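Please read the structure below before turning to the comments.
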Amino acid sequence: MRLQVQALNNRRLRIQFMMVVVLLVSLLVGWMPAKAAESEADPAVQEVFGQLQAGKRLKSDRTYVTPEQPTVYLTFDDGPSKLTNQVLDILDKEDVKATFFVLGEQAKAHPNELKRIVKDGHAIGNHTYNHVYKELYSDFQTFWNQIQRSEDVISSIVGIRPQLTRAPGGTATNFDANYFYLMEQAGYIVHDWNVDSGDSKRANVPVNEIWQTVKASPLDHEINILFHDGTGHESSVQVLPQVISYYKKLGYTFAALTEQVKPKQFAISKPKWSRSMSLPRFQALLDQTQEYATAHPNAANVAKIAEEKRLAQKLEAEEEAKAKAKKEEEEEAARILAQQAALPLQVHVLGGNTFNIEPSVYKLRANQIELPLRYLIEKMGGKVEWQASTKTANAHYGIYDMDYDLTNRSIRLYTLGTQTATYSLADMDMQNNQIIVPLRKTIDSLGGRITNAVMAGDNRQVTMALRPLYFFKENNSILKNSLFAMGG
Ligand SMILES: [Zn+2]
């Protein structure tokens, strides 16, 4: 019984110990990937993140075009509504183009108005889905989701994914550097305004008040003026003809916003929303926005991609042309070489005969003529014997005997049977069972010399002087073998 209890205790201890081990291991495993992920953050992203957290706006690489004419961009937010058609009628009558920053929610409720905006040639911007500040500005993710949702609605009705956006309430005290940066990364252009008509200061702002506000607003080369065509903005519709006429008289032209118009943006001020951002969170949002930009290349991106593609193609074409030129050069060189190789080599022996060495027999290598030893000696009227046992060729020419020792790559020269010299002939080689030797060195070994060599164009001539042959009556067998009627 006692033993059983002890065994039970031991077992319990073992189990507890195992549990501790499992816990420690799981803690370690759980901790390690988190640590790894943190250190994996791209240093460039960390740098950007740091700057944004310090409240710095990071410059985008977009370029804009300033119109020649002073221009008014009429903008209408919060629609479309049942008022939108009235606005469109006025714009049509005045022959003026404008921009509508629509809410996804409203677009869904008024698809025909949205269609007419596009049909009439006005621009559409994205003003988020529901305009609820608390949702939009508590977290960029929610803002982003609403932009996407609204865009999907707009796209489903008119097939457009607007690049132009406007933050509900404007960016001041709503956007921070993260919002601006992430929207830009996704390819959007955020427009605030530089003239506020004051038509949404409160409900039912009187026409005259709006008119006075517009008239009192400063003039600029480009004016982005804020109006609303949402429900309850009848005053805005009523004041519109007056406003258009006012700017026309001042010499302004009217245009819809495009991706080329530099957006009016408020400077960053302290947000009235409490938000927090961590590096992993920022990285995740950056991934989302950049993925969106890749999946939806906008006009600017398309132009950039096209330009990059054009440059890449140009580079490729240049490389190809270079490779082609090189190939042609090589082919030409090979052709010349082949042509040259096809020429027979004419050999003149001074005071002796002239013979041709067939192109298939000799070759030019490293500026020297190489040819089979046997061929050369025999052409000169000599004789070559191959001693297989010693791997030596004996060439007999006149009073000269030469032993070409292939193993040692040397030539032993005999004059009248007496060894007179040893030459090293490093270039000596065995090809197709033939001993290949350089012409000049061989002639030198034979006691002669090349007096002239012409290797230009189709003229291949070598002139050589050979020592006169001496005839000795008391000659030995070698000499007997060497007696050839050559030269003098
Ligand atoms: Zn709004």
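Since this is a predicted model, take the numbers as computed values, not measurements. Counting starts at 1 for both ligands and their atoms, following the listed order. Heavy atoms only: backbone and side chains are in, while hydrogens, waters and symmetry mates are out.
The residue from K264, R166, K262 that alone fulfils the side chain to side chain donor-acceptor pair (under 3.5 Å) condition with N224 is R166.
For a distance bound of 2.8 Å, the N, O or S atoms of D78 include one lying that close to the Zn ion (ligand 1). Not a single N, O or S atom of H228, from either the backbone or the side chain, sits less than 2.8 Å from the Zn ion (ligand 1).
Crowding of K56 atom NZ: a count of heavy atoms from other residues, nucleotides or ligands under 6.0 Å not exceeding 12.
The minimum distance between the Zn ion (ligand 1) and any N, O or S atom of H127 involves atom NE2.
We find that K134 and D139 are not joined by a salt bridge, their nearest charged nitrogen and carboxylate oxygen being 4.0 Å or further apart.
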Practice task
Please step through ring-ring contact (aromatic ring centres under 6.0 Å, His included) for the pair H228 and F76, ending with a clear verdict.
Solution key: CA-CA 5 Å; H228 293 82; F76 298 92; 9.1 Å; no

